[in-house]
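I have placed the structure first, in the form of structure tokens, so that the comments after it can refer back to it.
The structure displayed is predicted, hence computed values, not measured ones.
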Amino acid sequence: MHLLEPRPYPSRVMRWTAPLIAVAATLLIGSLLFWALGKPVAESFRVFFVQPLASGYGWSELLIKACPLILIAQGLAIGFKARIYNIGAEGQLIVGALAGGWVAIANDGSDAAWIVPAMVAAGAVGGALWGAIPALLKTRFNAEETLTTLMLSYVANLILAYMVHGPWRDPEGMNFPQSIMFGDSALFSILIEGSRVNTSVYITIFAVLAFWIFNARSFLHFQIEVGGLAPAASRYAGFSARQTVWFCLLVSGMTAGIAGVGEIAGPVGQLNLNISPGYGFAAIIVAYLGRLHALGIVLAGFLMALIYLGGEAAQVALQLPAAITGIFQGMLLFFLLGSDVFIDNRIRRLA
């Protein structure tokens, strides 16, 4: 009989090597998957990982998809370090988009310069308020934030569906569930002509720098880490667990809400049922793949964005189902968590 026994000193080198192991294992099993589906393995990998980056436009799309993933994951990583598991960033993204969309719709026809900044601010507030609900439930009733944040994502989806089917539906939209297209004053400015890259990338760059400085210099970050690694020591030192819960869920909700505005005021240009291809859930993988480090998350975000692009290319060139993207994301998370199990534990044989 064998038993997993915690290692007294888990290897830091292996912890940072684990993402590479997970990527290698994903590619290996991915090749077997392509073979099982009757697709040539070499050509499938070329379509999935090389073809999307064969042009300047492909690189610009990589940046567009990486930015919301990186932004959301930066906020989630703060909570994960404290073992506060916000699984509902998708819902917070949607509520942030709704709040920002309300500003755009209410000021349709105006060319005021303050509209986009107001949308970003409204998105941040909306996402933070959606994160405040599980924070309240956690601190007041000790409700599991894993469940409450996830369930609130479905509520946010229903609110979005109601608004684009009803009060905010475009009267000239051929009865499709979508809002009006936002005017130029409610959209981020294009940075690269011929692409969809816009000024929202500056928000992500600022967030990466801000979280990197926060992680490296802030005493509050130290409190958060201590609370996650050694709760008893945290209580003994007088660090407030309630403050940590509120801070982590508000910050992660805020970054997700801003990412939602980045989508509706950027590539999407309106409110509809498809404002996010699951960025809020994929960002969880990005956070862990980046080892909860601000700069590591950047690299992981680009890899996840490439998987999104590769999945789209595989649907067209290889006639594979849309689920191929989720399969690769799931394998990546599975192998990463599996690697972490053996980094933190060792197998002990019992007599």
Side-chain angles (χ1 to χ4, degrees), residues 18-37 39 41 44-53 58 61-77 80 85-94 146 149-150 153-154 157 204 252 255-256 259-260 263 267 274-293 296-318 320-341:
L20 300 178
I21 296 173
V23 170
T26 299
L27 294 177
L28 175 61
I29 302 302
S31 65
L32 295 177
L33 176 63
F34 288 135
W35 174 79
L37 293 172
K39 307 296 181 182
V41 175
S44 298
F45 274 112
R46 188 194 69 80
V47 169
F48 209 97
F49 294 105
V50 178
Q51 182 177 308
L53 304 180
E61 286 297 294
L62 182 74
L63 180 60
I64 278 293
K65 291 188 179 297
C67 280
L69 291 166
I70 294 169
L71 181 58
I72 298 169
Q74 296 288 347
L76 292 178
F80 292 165
Y85 300 108
N86 180 2
I87 310 299
E90 184 76 2
Q92 292 145 21
L93 180 153
I94 291 171
T146 307
T149 54
L150 180 60
S153 293
Y154 295 105
N157 256 315
T204 301
S252 56
T255 56
E263 291 303 294
N274 302 305
I275 57 178
S276 167
Y279 287 147
F281 296 117
I284 298 170
I285 305 175
V286 171
Y288 278 111
L289 192 64
R291 305 283 77 176
L292 307 183
H293 188 282
I297 286 171
V298 174
L299 298 177
F302 278 102
L303 175 60
M304 189 62 65
L306 180 58
I307 291 176
Y308 271 113
L309 291 178
E312 293 171 1
Q315 292 175 55
V316 176
L318 302 175
L320 291 176
I324 192 69
T325 299
I327 290 173
F328 268 85
Q329 290 176 346
M331 286 194 298
L332 192 57
L333 179 60
F334 175 80
F335 289 122
L336 181 65
L337 295 178
S339 299
D340 284 345
V341 167

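- Taking the side chain to side chain donor-acceptor pair (under 3.5 Å) definition, one finds that Ser252 meets it with Asn86, sequence neighbours left out.
- Once rounded to the nearest 0.5 Å, the distance linking CZ of Phe34 with CZ of Phe48 reads 5.5 Å.
- The shortest heavy-atom contact between Ile87 and Phe281 is O-CE2, 3.5 Å.
- Side-chain contact between Leu336 and Arg291: present, with at least one pair of heavy atoms (C-beta onward) separated by less than 4.5 Å.
- Checking side-chain atoms of Lys65 against main-chain N and O of Tyr308 turns up no donor-acceptor pair under 3.5 Å.
- Annotation for Leu53 and Gly58: closest pair CD2-O, 4.2 Å, computed over non-hydrogen atoms.
- In Tyr85, the OH atom is crowded: over 12 heavy atoms of neighbouring residues, nucleotides or ligands sit closer than 6.0 Å.
- Judged by distance alone, the side chain of Thr204 and the main-chain N or O of Leu71 form no donor-acceptor pair under 3.5 Å.
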| Verdict with reasoning, Ile284 to Phe80, per side-chain contact (heavy atoms from CB on, under 4.5 Å) | CA-CA 9 Å; Ile284 298 170; Phe80 292 165; 4.1 Å; yes

Would you list the atom pairs, donor with acceptor, under 3.5 Å between side chains in residues 20-32 and any protein atom, with sequence neighbours excluded?
| residue | atom | partner | partner atom | Å |
| --- | --- | --- | --- | --- |
| Thr26 | OG1 | Ala22 | O | 2.8 |
| Ser31 | OG | Leu28 | O | 2.5 |

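- We find the CD1-CD distance between Ile275 and Glu263 to be 8.0 Å, quoted to the nearest 0.5 Å.
- For residues 275-288, the side-chain hydrogen bond (donor to acceptor under 3.5 Å, both in side chains) pairs, not counting sequence neighbours, are Glu90-Ser276.
- The line from CG of Leu303 to CD of Gln329 is 10.0 Å long, rounded to the nearest 0.5 Å.
- Closest heavy-atom contact between Ala89 and Gly280: CB-O, 3.8 Å.
- When all heavy atoms of Gly301 and Ile70 are compared, the pair lying nearest together is CA-CG1, 3.9 Å.
- Looking at heavy atoms from C-beta onward, Leu318 lies in side-chain contact with Ser44 at the 4.5 angstrom threshold.
- Rounded to the nearest 0.5 angstrom, Leu289 CG and Met304 CE are separated by 6.5 Å.
- Interatomic distance, Leu332 CG to Ile307 CD1, rounded to the nearest 0.5 Å: 5.0 Å.
- Contact detail for Gly75 and Thr255: the closest heavy-atom pair is CA-OG1, 3.6 Å.
- Rounding to the nearest 0.5 Å gives a distance of 3.5 Å between CG of Asn157 and CD1 of Ile94.
- Listed here is the closest heavy atom pair of Ile72 and Ala259: CG1-CB, 3.6 Å.
- The closest side-chain heavy-atom distance from Leu76 to Val286 is not below 4.5 Å.
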